[in-house]
Amino acid sequence: MQYNFNEIEAKWQKYWAENQTFKAENTSEKKKFYVLDMFPYPSGAGLHVGHPLGYIASDIYARYKRHKGFNVMHPQGYDSFGLPAEQYAIQTGQHPAITTAENIKTYRRQLDQIGFSFDWSREVRTSDPKYYKWTQWVFIQLFNSWYNKDSDKAEDIETLISMFSSDGNANINAVCDDDIAVFSAADWKAFSSKEQQEILLQYRLTYLAETEVNWCPALGTVLANDEIVNGVSERGGHAVVRKKMTQWSMRISAYAQRLLDGLNKIDWPQPLKDSQTNWIGRSQGASVTFYTNDDERHPIEVFTTRPDTIFGASFMTLAPEHELVAKITTAEQKSAVEGYIEATAKRSERERMADVKTISGAFTGAYAEHPFSKNPIPIWIGDYVLAGYGTGAVMSVPCGDQRDYDFAKKFDISIPNIFEGVDISEEAFADKEKTIIANSDFLDGLKYKKAVKLAIYELEKLGQGEGKINYRLRDAVFSRQRYWGEPFPVYYVDGMPQMLDKKFLPLALPEVDKYLPTETGEPPLGNAKEWHWLQYGNEGKVVSEEEFNNSSPSGRLGGALELNTMPGWAGSSQYFNRYMDPHNADEIFSKEAMDYWQDVDLYIGGSEHATGHLLYSRFWQKFMFDRGLVPKDEFAKKLINQGMITGTSAFIFRISEGYYKWDNGLHLMDDIQPQLEIFDKLFDDIYKGCLISFDKLENCDCYEGVDGSIYKLGDILKDSEMSSRLTKAGFEYKKITFSISKIHTPVEFVDNQNNLDVAKFMSWSNNIKQPIYNHPDSFKVSREVEKMSKSKYNVVNPDDIVSDYGADSLRLYEMFLGPLEQSKPWNTAGITGVHGFLKKLWKLYFDDNGSKVTDAEPSAENLKTLHKTIKKVEEDIENFSFNTSVSTFMICVNELTAQKCTSKAILEPLALLVSPYAPHIAEELWEQLGNTGSISTIDFPIFEPKHLVESNKVYPISFNGKMKFTMELSLDLSKDDIEAAVMAHEKTQQQLAGRTPKKVIVVPGKIVNIVG
RNA sequence: GCUCGAGUGGUGGAAUUGGUAGACACGUUGGACUUAAAAUCCAAUGGACAUUAGUCCGUAUGGGUUCAAGUCCCAUCUCGAGUACCA
């Protein structure tokens, strides 16, 4: 009986689908286990072999947990809003919903054939109105909440309103906008409704504000910080500029500390935690207020992490954009300051980042007064101070900060030394631990920590400062000028945003005739003919502006709807909770479902979401927790980042340019010009576009040129008949050199030995002349490891692998490649190893005549092999070391084959062990062994240590730490017995050659080492 | 620059608390079977010398701790990821 994987896999995939084998129930006697994958964006390109890696790992774990008796939820869905579908729509006019549905179909087909145990009955799609209804709903909850610092959690906005009407806002301790005027209860009641709404907006967790945003003109949208890489857009690499716009923002900064603290109680990879910690960027220090020393006494607030160095402050620096600059600049300095501001404004963010070394600034002519010494301190502006961080102003301590130091040197500002025994003639001194303060009045002689405390204490006494914690984390801009995203459930009345009532959700995306911004620069939704909200009582609908204007104003609610849509991360910030109760039309999820499933036990996905999705989701979860909607304030207990599977690109080499070395070297004579043209023409005619086999290039001389390598023609083509035309024209081979271009070539044209199928390649590509071989019949390409991508022609499609080797082989091989977290190159050739293993496994159960399995008693050896395997595989799965368990299976099958084992008592548990990894073959074996139903919930074999008990140990006998020979001894022997036995051995005597050992180390059960 | 991670055969990678380095595969070489190929099976495979036994060198480099180091400590180099005038 043959191992017919295609048939077996199709059979069981059908069985699982028909029997809903992996459907998880929300009520169960069993303990729950929630295994989650980061849901994919369904791109038009479909899956490549890199994509399923994490899904295979999580699937193995999910299947293992089912065998261990858990009620496992393993859902899957699609993050189906996004830019590519929209850009495709812009180009073709095709509605993104159609493209998206098609792509999802492809994804589903590809996923199904790999045999995942997903519970598809729980599928969600972020672009489905039934789903984004709840994204809109969460947005409304955020709008209706404020952050109370006293209770340290988000609360209903009604509690704030009642506090306003009883006590005003003076005693409110909230996370809110900075510049809110103080009002009394009486004031509050006297405010107009619009004024009240304006004030509340400054407190809400999602709020409308004019913010400076990253505007990408090419994409026509705002980008979040994590969507910008090296100053250009992550997608497309377009320029990004700063621009002021009215945008929805999320007050994530309210949660900065809790997001930081929460990291301690979740089992997530350290690098990911580090990057979140970094992103949140907590720094502890003090806020200090300086005053200008003129009559105006303008306050200048700065943030510093080193209040202990305050006596070293010899100047202040403001960001050029700082609002005070215009007010304090003196008449004499006005032109210099304005010139400088103009110059920095012209420089893009990118230029400023690229050019950190250049120190620039201008003196305002104004002075501040030192809080303690009362000395005048010159106030400068400089673009090394960022308007967006802290207060946009710093106290500059050149002796303690290198940037201040460089600035002071450049502009010849004094650099007072306030450190004991430190030389600052070359550079600033920033080592906190070694700091002893000097020349600082009451701080003299103190170490860093004490000096900080005392400085803050004295500042507080003066009323000019206090201890403060600053975060780098900014509020997150939540508006995008896009079509293909969630519409905001918001309409405007008199310029103030109003939330749609829950019963009117979802507010569906309107139809538009084009997906670009409007001519007046409004977002794409501005193209919608019907995009006004019209409501009377319980009846509400979306209408045209005209219909709205013609409707009766009496009892009418509504207005123009919001034109922005939500960003990509909106839909992914709660999807893991929605999976628990995905079809609930009345609630985002029922309390019962949430009480049962609680949180994610294992989350697997890529590390690229470290500061995007994974931070925003934690924020939303904490908010939902505060509002009593979820029982846990962290949504995922454990997270693993799978590594990337990289491609192995293939390159061919094509002759691009020829050069001739003229005898007169540098002195080009006029008569060379026509010669040169003849040469160029001839060379291009004969050689340009020729392919060269890589093994030919490898072995010849080349010069390292600026753009790569320049090869000598003589080495490569001396004997070629092609070249005679050049010699006939009087050119010598040895003086001819040429450069090559390296071109990606589709990996499917290349075999395992790096031989190119030349015929296929020639018909695929143009601009190619005949290939030049090193060995006839073998044209070599070079290979390099790169990210898998269409443009590099190195994409390997899982469909091909599945049809050639089967899904089980693909699953095993992806795991076998290496540790899950590590990135590793794909090489299809290696899959024959695991495929061969599956065939060998099959042959343990079947030969040409059918089943070989017997009821024979297993031998001790059989049992040892089995239980060794159970132990190792179980440990490996628990440690997510899936690559080593594949090796373990191979060893096990190799051993059982050698033992000629046919015992059902061994082979039945073996099928179970393999089942999480290679579920199709396991199901088939299980059935062939006479069982009915799916193997998927059968108990995992239990490890019994008694089968591994050994009486003997093969000891390695070392001399001075080097193993020389082994010796089998009983494990019952005492240390002395072992030593005696070893010393008596003839090889020991041979090694010692008459010497007496100085020392003999005996570690029973491990090793013997003889020193001397 | 800062933070984190990693350097082991031709390749992917094993190696539990320091205790036989290179498991398991791929690839390569030789052989069996076959008209041939595929498939399958057997043997060899870190390097050098010797090829009968054996000897020496080997986990990026240089030191150190230890009876014993891929593993621990110090320094250096290289690569990768993240982040960046963050005061």
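Residue numbers start from 1 in every chain, and the chains themselves are labelled A, B, ... in the order their sequence lines are given, proteins ahead of strands. Basis for what follows: all heavy atoms, side chains included, without hydrogens, waters or symmetry-related copies.
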message: Rounding to an integer number of angstrom, what distance separates B:C72 and B:U66 when you compare their C1' atoms?
response: 10 Å
query: So, for A:Thr317 and A:Ile381, which heavy atoms are closest and what is the spacing to 0.1 Å?
result: CG2-C, 3.9 Å
task: May I ask you to check whether A:Tyr813 and A:His835 place their ring centers less than 6.0 Å from one another?
output: no
message: Would you say A:Gln822 places a side-chain N or O within less than 4.0 Å of OP1 or OP2 belonging to B:A6?
response: no
field: B:C33 to B:C26 separation - P atoms, rounded to the nearest Å
entry: 23 Å
- prompt: Considering only B:C24, B:A87, B:G27, which nucleotide approaches the side chain of A:Thr832 most closely?
  reply: B:G27
message: Nearest to the side chain of A:Leu386, heavy atoms from C-beta on, is which of B:U20, B:C24, B:C85?
response: B:C85
statement: Regarding the side chain of A:Thr884, the nearest nucleotide among B:C4, B:A14, B:A87 is B:A14
message: Taking the P atom in each of B:A23 and B:U8, what is the distance between them to the nearest angstrom?
response: 16 Å
message: Atom CD of residue position A:Glu821 - does it have more than 12 heavy atoms of other residues, nucleotides or ligands inside 6.0 Å?
response: yes
- prompt: Is A:Glu979 salt-bridged to A:Lys975, going by a charged N under 4.0 Å from an acidic O?
  reply: no
query: P atom, B:C67 versus B:U29: distance in rounded Å?
result: 48 Å
query: Between B:G13, B:A15, B:C41, which nucleotide gets closest to the side-chain atoms of A:Pro819?
result: B:G13
message: From C-beta outward on A:Arg472, which listed nucleotide comes closest to its side chain: B:A25, B:A87, B:C86?
response: B:C86
task: Can you figure out which of B:C26, B:G12, B:A14 approaches the side chain of A:Ala829 most closely?
output: B:C26
- prompt: Restricting to pairs with a member in residues 883-896 of chain A, which pass side-chain hydrogen bond (donor to acceptor under 3.5 Å, both in side chains), not counting sequence neighbours?
  reply: A:Lys840-A:Asn894, A:Thr865-A:Glu895, A:Lys868-A:Glu895, A:Asp876-A:Thr884, A:Ser881-A:Thr884, A:Ser885-A:Tyr917
- prompt: Which atom names give the shortest non-hydrogen contact between A:Val49 and A:Trp826, and what distance separates them?
  reply: CG2-CD2, 3.6 Å
message: Quick check: any donor-acceptor pair below 3.5 Å linking the side-chain of A:Lys1006 to the base of B:U17?
response: yes
task: May I ask you to verify whether the side chain of A:Asn1009 and the base of B:C67 hold a donor-acceptor pair under 3.5 Å?
output: yes
- prompt: Taking atom P in both B:U3 and B:A75, what distance in whole Å separates the two?
  reply: 13 Å
field: Where the chi angle of B:G9 falls, syn if within 90° of 0 and anti if not
entry: syn
message: Between B:C79 and B:G27, how far apart are the two P atoms, rounded to whole Å?
response: 32 Å
query: Say you pick atom C1' in B:U59 and the same atom in B:G18; how far apart are they, in whole Å?
result: 15 Å
- request: Rounded to whole angstrom, note down the C1' distance from B:A68 over to B:U20.
  value: 12 Å
field: Integer-rounded Å distance: B:U16 P and A:Lys871 NZ
entry: 13 Å
- request: Check if the side chain of A:Asn883 and the base of B:C24 share a donor-acceptor pair of N or O atoms closer than 3.5 Å.
  value: no
query: Nearest to the side chain of A:Lys839 - B:G19, B:G82, B:A39?
result: B:A39
field: Nearest to side-chain heavy atoms of A:Lys999, which nucleotide of B:U40, B:A23, B:C67
entry: B:C67
task: From the options B:C85, B:G13, B:C56, select the nucleotide whose nearest atom is closest to the side chain of A:Lys964.
output: B:C56
- request: State, without any angle test, whether A:Ser253 and A:Asp475 hold a side-chain donor-acceptor pair at a distance under 3.5 Å.
  value: yes
task: For residues 956-965 of chain A, pull every pair meeting side-chain hydrogen bond (donor to acceptor under 3.5 Å, both in side chains), keeping only residues two or more places apart or in separate chains.
output: none
- line: Encoded 5' to 3' (Watson-Crick or G-U under 3.5 Å; [ ] crossing; | other strand), RNA chain B becomes (((((((..(((......[....)))((((((.......))))))((((....))))..(((((..]....))))))))))))....
Proximal nucleotide (of B:C57, B:U83, B:C86) relative to the A:Lys962 side chain: B:C57
